[in-house]
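The structure appears right after this line, and notes come after that.
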Amino acid sequence: MWLPMIGMTALPHLGGLYGGFITRKEVKSWYPTLKKPSWRPPNAAFPVVWTCLYTGMGYSSYLVWKELGGFTEEALVPLGLYGLQLALNWIWTPIFFGAHKLKLALVDIVLLTGTVGATMVSWYPISRTATLLMAPYLAWLCLATCLNYRIWRDNREEKEE
């Protein structure tokens with residue numbers, strides 16, 4: 001059973017690695033031109049935080065998958081919600097950093113945060129441990145949503161290309 005655990009724990013990192021390639025250039029060129037709130041975390045915090053969050057969410061999905069006996073009919077909603085939130089997570093970086101679409105990124109992250117909440121609600125009866133492992137992710141998304149909102153609000157259309 002270690003192969004599914006490793007695979008499911010590693011899966012979220014794939015989108016993170018892709019996002020890192022997009023972000024790396026933009027953090028040095030475009031992102032510094034934006035007005036940002038004083039309370040934003042330092043740039044160096046983001047890769048560390050996301051590595052921890054991706055690992056936690058991936059392992060959580062494994063716990064739910066294992067508890068439900070794999071990709072069964074019973075797993076359709078809980079793992080489907082997880083897959084949806086993962087897709088919303090993965091597209092945020094190309095929207096925000098790649099396309100510089102601050103408002104669309106805000107819409108995406110609001111949907112993402114709600115979907116993570118729904119995922120956690122669906123997981124709670126299956127695995128409280130998996131649900132609790134998602135709590136830091138939801139907390140970080142709340143911060144990231146506020147940050148995305150402030151950046152959009154303070155930069156409006158003049159910075160959206």
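Index from 1, following the sequence.
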I want to check something: taking the side chain as every heavy atom from C-beta on, are [X] and [Y] in contact at a cut-off of under 4.5 Å?
{"X": "H13", "Y": "T55", "result": "yes"}
{"X": "Y31", "Y": "H100", "result": "no"}
{"X": "V49", "Y": "P41", "result": "no"}
{"X": "Q85", "Y": "M57", "result": "yes"}
{"X": "Y59", "Y": "M8", "result": "no"}
{"X": "L147", "Y": "I151", "result": "yes"}

Relative to the ring of W140, is the ring of W50 parallel (under 30°), tilted (30 to 60°) or perpendicular (over 60°)?
perpendicular
Partners passing side-chain contact (heavy atoms from CB on, under 4.5 Å) against L76 (at least two apart in sequence or in another chain)
none
Residues in side-chain contact (heavy atoms from CB on, under 4.5 Å) contact with P47, at least two apart in sequence or another chain
none
Nearest 0.5 Å please: distance from the [atom1] atom of [X] over to the [atom2] atom of [Y].
{"X": "K25", "Y": "F97", "atom1": "NZ", "atom2": "CZ", "value": "12.5 Å"}
{"X": "I22", "Y": "I95", "atom1": "CD1", "atom2": "CD1", "value": "10.0 Å"}
{"X": "E74", "Y": "L68", "atom1": "CD", "atom2": "CG", "value": "5.0 Å"}

Determine the minimum heavy-atom distance between [X] and [Y], stating which atoms define it.
{"X": "L86", "Y": "L11", "value": "CD2-CD2, 4.0 Å"}
{"X": "P94", "Y": "Y18", "value": "CG-CE2, 3.8 Å"}
{"X": "A75", "Y": "G70", "value": "CB-O, 3.5 Å"}

Distance-only check: which donor-acceptor pairs under 3.5 Å involve side-chain atoms of residues 107-118, not counting sequence neighbours?
{"residue": "T113", "atom": "OG1", "partner": "I109", "partner atom": "O", "Å": "2.8"}
{"residue": "T113", "atom": "OG1", "partner": "T145", "partner atom": "OG1", "Å": "3.1"}
{"residue": "T115", "atom": "OG1", "partner": "L111", "partner atom": "O", "Å": "2.7"}

Quick one about Y54 and N89 (side-chain donor to acceptor, distance below 3.5 Å, no hydrogens or angles considered), yes or no?
yes
Please check this pair: side chain of [X] against backbone of [Y], looking for a donor-acceptor N/O pair closer than 3.5 Å.
{"X": "T9", "Y": "I6", "answer": "no"}
{"X": "S122", "Y": "T119", "answer": "yes"}
{"X": "E26", "Y": "T23", "answer": "no"}
{"X": "N155", "Y": "K35", "answer": "yes"}
{"X": "W123", "Y": "P78", "answer": "yes"}
{"X": "N43", "Y": "V27", "answer": "no"}

Assess the residue pair V64 and Y82 against the criterion (side-chain contact (heavy atoms from CB on, under 4.5 Å)); give the C-alpha distance rounded to whole Å, side-chain angles, the decisive distance to 0.1 Å, and a yes or no.
CA-CA 10 Å; V64 170; Y82 173 76; over 6 Å; no
Counting only heavy atoms not in K36, do more than 12 sit closer than 6.0 Å to its NZ atom?
yes
Got a sec, which pairs hit salt bridge (Lys or Arg N to Asp or Glu O under 4.0 Å) with one end in residues 4-21, sequence neighbours left out?
none
Does the structure place the NZ or CZ of R156 under 6.0 Å from the centre of the six-membered ring of W152, at an angle of no more than 45° from the ring's axis?
yes
Side-chain donor/acceptor pairs under 3.5 Å, residues 124-135, sequence neighbours excluded:
{"residue": "Y124", "atom": "OH", "partner": "R128", "partner atom": "NE", "Å": "3.0"}
{"residue": "S127", "atom": "OG", "partner": "A130", "partner atom": "N", "Å": "3.0"}
{"residue": "T131", "atom": "OG1", "partner": "Y124", "partner atom": "N", "Å": "3.2"}
{"residue": "T131", "atom": "OG1", "partner": "S127", "partner atom": "O", "Å": "3.0"}

Is there a side-chain contact (heavy atoms from CB on, under 4.5 Å) between W39 and C146 once you walk through the steps?
CA-CA 10 Å; W39 47 264; C146 293; 4.0 Å; yes
Mind checking whether W92 and L143 sit in one hydrophobic cluster, side chains of I, L, V, M, F, W, Y counted as touching below 4.5 Å?
yes
Clusters formed by hydrophobic residues whose side-chain heavy atoms approach within less than 4.5 Å: which one holds V77, and what are its other members?
L81
Is the W2-Y62 ring centre distance short of 6.0 angstrom?
no
